[in-house]
Amino acid sequence: MTPAQHHSTVSAPPPGCPAHPSSESVPLLGPRFQNDDRARLYRDMYEQHGPLAPVTLPGDVPCWLVLGYRELHQITSDPVLYSRDSGLWNQWPNIPADWPLLPMVGKQPSILYTVGERHQRRSALVSDALTAVDPFELRDHSERFADRLIDELCGRGSADLIAEYAKVLPALVLARLYGFTDEEGAALVPSINDLVDGGEGALAGRDRVKGAMETLLASRRQAPAAGVASRMLHHDFAEGFSFEEIVEDMMVNIIAGHQPTADWIGNSLRLMLTDERFAASLTGGRHSVAEAMNEVLWEDTPTQNIAGRWATRDTQLAGRHVAAGDLLMLSFAAANGDPQVRPDRTVLTGGNNAFLSFGHGDHRCPYPAQDIAEGIARTGIEVLLDRLPDVDLAVSRQALVWRPSPFLRGLASLPVRFTPTPTSAQGGLR
């Protein structure tokens with residue numbers, strides 16, 4: 001049965017009343033999704049429901065959560081049956097204008113909700129602009145900004161590596177790569193974080209970031225220069241898209257590039273500071289950094305659950321009837337831990353890159369964007385460990401708190417202590 005039917009069979013509500021949620025459904029924004037052991041929740045849901053579980057969104061709005069690795073791979077490989085077009089959703093009549101998840105699910109002019117041949121052209125435009133990023137330039141900017149941030153805290157002997165480092169470094173590097181000056185990038189960081197944090201300042205933060213992006217693109221339209229913004233505007237495919245569409249895609253680039261990379265840095269540092277398998281080799285070379293980053297993508301992937309795909313017709317999936325217009329929320333985190341493909345999660349993943357943390361299919365994270373995120377994260381971790389070799393947790397592992405989001409996985413803070421050290425040479429420039 002469909003998730004809507006699953007809920008309505010529990011009791012028959014009076015006409016005009018929303019269907020009562022089933023006791024089997026898990027609220028996606030409920031307390032269980034704020035639990036520290038998210039992996040246990042996914043395993044429990046899999047044991048109870050199999051690879052496809054009914055969940056509820058705010059307002060008791062039903063949808064499916066895809067827990068299975070094979071099922072998620074199947075869905076993302078079939079854009080005809082499982083579309084990215086949110087206009088297909090059969091729940092739109094029940095969604096109020098102030099519904100809190102509209103920024104995630106609502107109809108948007110960005111690349112995220114474009115389908116078919118137009119999406120392929122739009123994706124090529126973005127990928128080509130990002131592919132042209134020089135890896136040596138990326139490394140240089142990442143090292144330079146990492147040094148600058150560490151210079152601001154290294155003399156104190158203590159810091160919060162989330163607020164003062166992980167949530168700043170990616171935005172600074174990305175802003176520079178896209179065409180902003182260092183000063184403009186630094187001014188944008190608070191607005192980017194306001195936007196992705198989703199609190200009271202989210203809308204104002206989005207407006208400020210969008211305004212800055214419009215100004216940058218307008219100037220590059222008149223005077224092309226180095227950077228992703230110019231390459232987006234002057235690409236052969238750009239003529240088929242409006243200025244507003246390119247602005248939206250640049251917004252997607254910087255937002256989707258910043259927060260998951262920030263959480264990748266934070267989650268990897270947490271692993272290396274709390275897991276003896278990595279803590280013992282903090283100063284033992286670069287191999288442990290790469291292993292920790294890979295392990296995080298399997299066990300604590302920054303992007304946990306996303307919306308999603310919409311069924312274009314009635315179909316069967318994992319023994320369930322999925323109705324036309326049903327929303328399928330994709331759980332990359334659950335799929336990475338699917339017991340059918342990873343029966344023993346105590347074994348280190350090593351160099352296995354078969355995780356689904358960057359998605360799959362036409363709407364996966366572009367490969368050059370993945371390479372940029374990895375370059376920023378790995379450089380940021382390496383520079384930190386070089387500069388603060390005895391860095392250690394300032395609190396117990398149990399005292400660390402995850403942000404209360406079912407969609408992203410990242411720490412609220414990462415308090416550390418270390419031996420105070422002098423700033424780097426040339427004011428933070430290597």
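Because only heavy atoms are used, hydrogens play no part in the values below, and waters and symmetry mates are left out as well, while side chains stay in.
A 4.5 Å side-chain heavy-atom check between Trp264 and Met293 finds at least one atom pair inside the cut-off. Counting heavy atoms from C-beta outward, Leu149 and Leu169 have side chains that approach closer than 4.5 Å.
More than 12 heavy-atom neighbours from other residues, nucleotides or ligands sit within 6.0 angstrom of CZ on Phe243. Counting non-hydrogen atoms of other residues, nucleotides and ligands closer than 6.0 Å to CD of Glu239 gives a total of 12 or fewer.
Between the side chains of Asp362 and His119, no donor-acceptor pair of N or O atoms lies under 3.5 Å. Of the N and O atoms on the side chains of Ser142 and Thr379, not one donor lies less than 3.5 Å from an acceptor on the other residue. Using modelled atom types and a 3.5 Å distance limit, the side chains of Tyr42 and Asn336 yield no donor-acceptor pair. Looking at Asp44 and Gln48, their side chains never bring a donor and an acceptor atom within 3.5 Å of each other. For Gln340 and Arg70, the side-chain atoms include no donor-acceptor pair closer than 3.5 Å. Side-chain contact of Asn294 with Glu291: a donor-acceptor pair under 3.5 Å is absent, judged by distance alone.
The minimum heavy-atom distance between Leu138 and Asp371, with the atom names listed, is CD2-O, 4.3 Å. Scanning all heavy atoms of the two residues, the minimum distance from Phe33 to Pro406 falls at CD2-CB, 3.9 Å. A pairwise comparison of heavy atoms in Ala324 and Asn90 identifies O-ND2, 3.1 Å as the closest pair. Across Gln91 and Ile95, no two heavy atoms sit closer than the pair O-CG1, 3.2 Å. Residues Pro368 and Ser127 share a closest heavy-atom pair of CG-O, 3.6 Å. Shown here for Ala166 and Ala262, the closest heavy-atom pair between the two residues is O-CB, 3.0 Å.
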Query raised in the report: Would Asp249 and Ser110 count as a side-chain hydrogen bond (donor to acceptor under 3.5 Å, both in side chains) if you check the C-alpha gap in whole Å, the side-chain angles of each, and the deciding distance to 0.1 Å?
Result: CA-CA 6 Å; Asp249 288 353; Ser110 77; 5.0 Å; no
Requested in this report: Carefully, step by step, assess Leu317 and Gln74 under the rule side chain to side chain contact (heavy atoms under 4.5 Å, CB included).
Outcome: CA-CA 9 Å; Leu317 181 67; Gln74 176 183 345; 3.7 Å; yes
**Report entry** side-chain hydrogen bond (donor to acceptor under 3.5 Å, both in side chains) evaluation trace for Arg144 with His141
**Finding:** CA-CA 5 Å; Arg144 182 167 57 87; His141 290 320; 3.1 Å; yes
Report task. Give the C-alpha distance, both sets of side-chain angles, the deciding distance and a yes or no for side chain to side chain contact (heavy atoms under 4.5 Å, CB included) between Arg118 and Glu245. Result -> CA-CA 12 Å; Arg118 187 169 181 81; Glu245 287 176 310; 3.0 Å; yes
**Report entry** Worked verdict on Met232 versus Leu125 for side chain to side chain contact (heavy atoms under 4.5 Å, CB included)
**Finding:** CA-CA 6 Å; Met232 288 278 290; Leu125 171 60; 4.1 Å; yes
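Under a cutoff of 6.0 Å and an axis angle of 45°, Arg364 and Tyr367 form a cation-pi pair. Figure legend: Arg409 and Trp402 shown as a cation-pi pair, the cationic atom lying under 6.0 angstrom from the six-membered ring centre and within 45 degrees of its axis.
Note that CE of Met329 is 5.0 Å distant from CG of Leu327, once rounded to the nearest 0.5 Å.
With Thr301 contributing its side chain and Gln304 its backbone, the two residues share no donor-acceptor pair below 3.5 Å. Thr312 places a side-chain N or O within donor-acceptor distance of the main-chain N or O of Val80, the cut-off being under 3.5 Å. The backbone N or O of Pro58 sits less than 3.5 Å from a side-chain atom of Trp99, completing a donor-acceptor pair. No side-chain donor-acceptor contact under 3.5 Å links Ser230 to the backbone of Ala226. Between the Asp160 side chain and the Leu414 main chain, a donor and an acceptor come within less than 3.5 Å of each other. Using a distance-only test at 3.5 Å, with no hydrogens or angles considered, a donor-acceptor pair links the side chain of Tyr165 to the main chain of Gly380. Formation of a donor-acceptor pair under 3.5 Å by the Thr303 side chain with backbone atoms of Ser357 is not found in this model.
No salt bridge links Asp128 with Arg231; every basic N to acidic carboxylate O contact stays at or beyond 4.0 Å. A salt bridge between Arg176 and Glu183 is absent, with no side-chain N of the basic residue lying under 4.0 Å from a carboxylate O of the acidic one. A salt bridge is absent between Arg38 and Asp300; no separation between the charged side-chain nitrogens and carboxylate oxygens falls under 4.0 Å. Classification of Glu143 and Arg139 as a salt-bridged pair holds, one side-chain N sitting under 4.0 Å from a carboxylate O. Using a 4.0 Å cut-off between charged side-chain N and carboxylate O, Arg403 and Asp263 make a salt bridge.
Ring geometry, Trp310 versus Tyr113: the interplanar angle falls from 30° to 60°, so the pair is classed tilted.
Thr76 pairs in a side-chain hydrogen bond (donor to acceptor under 3.5 Å, both in side chains) with only one of the listed residues (His360, Glu71, Arg84), which is His360.
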